[in-house]
Participant: 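My questions all concern the structure below.
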There are 2 protein chains.
Amino acid sequence: MAEAKGLSDTRQAIMRSAADLFAELGYRNTSIRAIAADAGCDPALVPHYFDSKEALFSAVVADTVRPAEVLREALRRGDAGAAEWLLRHAVADWEDPVQGRRILGVLRSVLDLPVARERMSRALLPRDVADSGPDEVRVWLVSSLFIGVMTSRHMGLLDETLFKEGGEAAVDALAPVVGALLGADGPDA
Amino acid sequence: MAEAKGLSDTRQAIMRSAADLFAELGYRNTSIRAIAADAGCDPALVPHYFDSKEALFSAVVADTVRPAEVLREALRRGDAGAAEWLLRHAVADWEDPVQGRRILGVLRSVLDLPVARERMSRALLPRDVADSGPDEVRVWLVSSLFIGVMTSRHMGLLDETLFKEGGEAAVDALAPVVGALLGADGPDA
DNA sequence: GACTTATTTCAATGGGCGTTGAATTGCGTG
DNA sequence: CACGCAATTCAACGCCCATTGAAATAAGTC
């Protein structure tokens, strides 16, 4: 049967391969043909199931990370402990072999593809958070730090030992910074 | 006369166009043909003067930013005022229409091109800084934050007003954070 | 003016790309 | 079995790419 399009194994396989390759190589460096090869199907199937390479990318991103939720939770706490809690979440996320690569992939491709920029922007700063006024600045600052740390990590800039054993060292090193970020510019200042 | 290769106007024009386009589009999205068009010469001149697209990119990067010097200076100061001083330098640098785009270009392309990663890494963490032990972590943290802020800014994530009028607001918002970063993990901890 | 050397042009090669449309297979239903 | 429809394959299109090598031009030297 297989109504419309959706329950084919191949469709999912394409999705998974695309996520992997986009993450590893970025949007521009990933070809539809490579995705198809990885998924073990014909290249023509990709524009068949998803309309275009760009649409496929959108679909992949939509399936990925929604960091705003975590951020919102941390903002609601608002005390010193929140920084550590947030950091643990973040580090765990981007050290996870699957999730980490996905996030990185989005980040990477954001620079290649204008449409990805919007998606990223909306994922990081959904309406309700953005509208909360001064919080916007704090969310933006924390996001920026995290983006930078992830990029550095990916570039091999950092000391590997910081991320051994669940990233305890990284959490310790970053905690006071995140604390300062969350504390900066109180809700009424 | 023009000995060997070097004093041709075109060579320099290519270099300039390449810097511009790499900065705006990233390595992978910039074609030799586009560079040549921008420089007003034949595409074949590019692999003629520089051996390959990759070599051209290396040449461009070599001509760009050396943020380590500024960082080193800030580290030597080490007090609270240093954070603000460092920030002013950094913000001024990446808000400068020319310099800002160049830095961004390198950052952008670093993700596309492995060889660029090494260059970036060495520019940010030269031997003498890297060997200074605990300072390495601090340099890395500050760099990460800056990388993140620049990326966010380029993605349009941030509030434009933060960077109006020389970026005073941005400096204010970030100063406590950078202070925390520079203060974190004293030289003997 | 002839020779040399650097600079530039031109045309072409081979390759990868995203996408298309027609053909083929496979399968559940009448 | 035959029909219809989804899943898939295949071959091809047109486009842009980096790079090449030979030809043409310009400039400086004797």
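In what follows, every chain begins at residue 1, and chains take the letters A, B, ... in the order their sequences are listed. What you see is a predicted model; the values in this text were computed from it and never measured.
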Participant: Without swapping roles, check the side chain of Thr30(A) against the backbone of Leu21(A) for a donor-acceptor pair under 3.5 Å.
Facilitator: yes
Participant: Hey, does the side chain of Tyr49(B) come within less than 4.0 Å of dT8(C)'s phosphate (OP1/OP2), counting only N and O?
Facilitator: yes
Participant: Using a 4.5 Å cut-off on heavy atoms from C-beta on, say whether the side chain of Tyr49(B) contacts that of Met15(B).
Facilitator: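 No. Closest side-chain heavy atoms not under 4.5 Å.
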Participant: Considering only nitrogen or oxygen atoms on both sides, find all protein atoms under 3.5 Å from nucleotides 19-22 of chain C and state each distance.
Facilitator:
residue, atom, partner, partner atom, Å
dT19(C), OP2, Lys53(A), N, 3.0

Participant: Check the distance between dC17(C)'s C1' and Leu56(A)'s CG and give it to me in whole angstrom.
Facilitator: 15 Å
Participant: Starting at CG of Asn29(B) and ending at C1' of dG18(C), how long is that distance when rounded to a whole Å?
Facilitator: 15 Å
Participant: If you pin Leu45(A) and Ala34(B) to their nearest nucleotides in DNA chain D, which one's is more 5'?
Facilitator: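 Closer to the 5' end of DNA chain D: Leu45(A).
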Participant: For dC17(C), does either OP1 or OP2 sit under 4.0 Å from a side-chain N or O belonging to Ser31(A)?
Facilitator: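 Yes, within the criterion.
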Participant: If you look only at distance, which donor and acceptor atoms sit under 3.5 Å apart when one is on a side chain in residues 164-182 of chain B and the other is two or more places apart or in another chain?
Facilitator:
residue, atom, partner, partner atom, Å
Glu168(B), OE1, Arg88(B), NH1, 3.4
Glu168(B), OE2, Arg88(B), NH1, 2.7

Participant: Compare all side-chain heavy atoms of Ile14(B) with those of Phe50(B) and state whether any distance is below 4.5 angstrom.
Facilitator: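 Touching, per the 4.5 Å side-chain cut-off.
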Participant: Starting from C1' on dC17(C), measure out to CD1 on Ile35(A) and report it in whole angstrom.
Facilitator: 12 Å
Participant: Does a side-chain N or O of Thr10(B) approach OP1 or OP2 of dT8(C) to a distance below 4.0 Å, or not?
Facilitator: yes
Participant: On the 0 to 90° scale, with breaks at 30° and 60°, tag the Tyr27(B)-Phe22(B) ring pair as parallel, tilted or perpendicular.
Facilitator: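 Parallel, since the angle between the ring planes stays under 30°.
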Participant: Which residues pass the side-chain contact (heavy atoms from CB on, under 4.5 Å) test with Asp42(A), sequence neighbours left out?
Facilitator: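 Scan of Asp42(A) (side-chain contact (heavy atoms from CB on, under 4.5 Å), adjacent residues dropped) gives Ala44(A).
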Participant: Between P on dA26(D) and CG on Asp9(B), what's the gap in Å once rounded to a whole number?
Facilitator: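 Rounded to whole Å, this separation is 16 Å.
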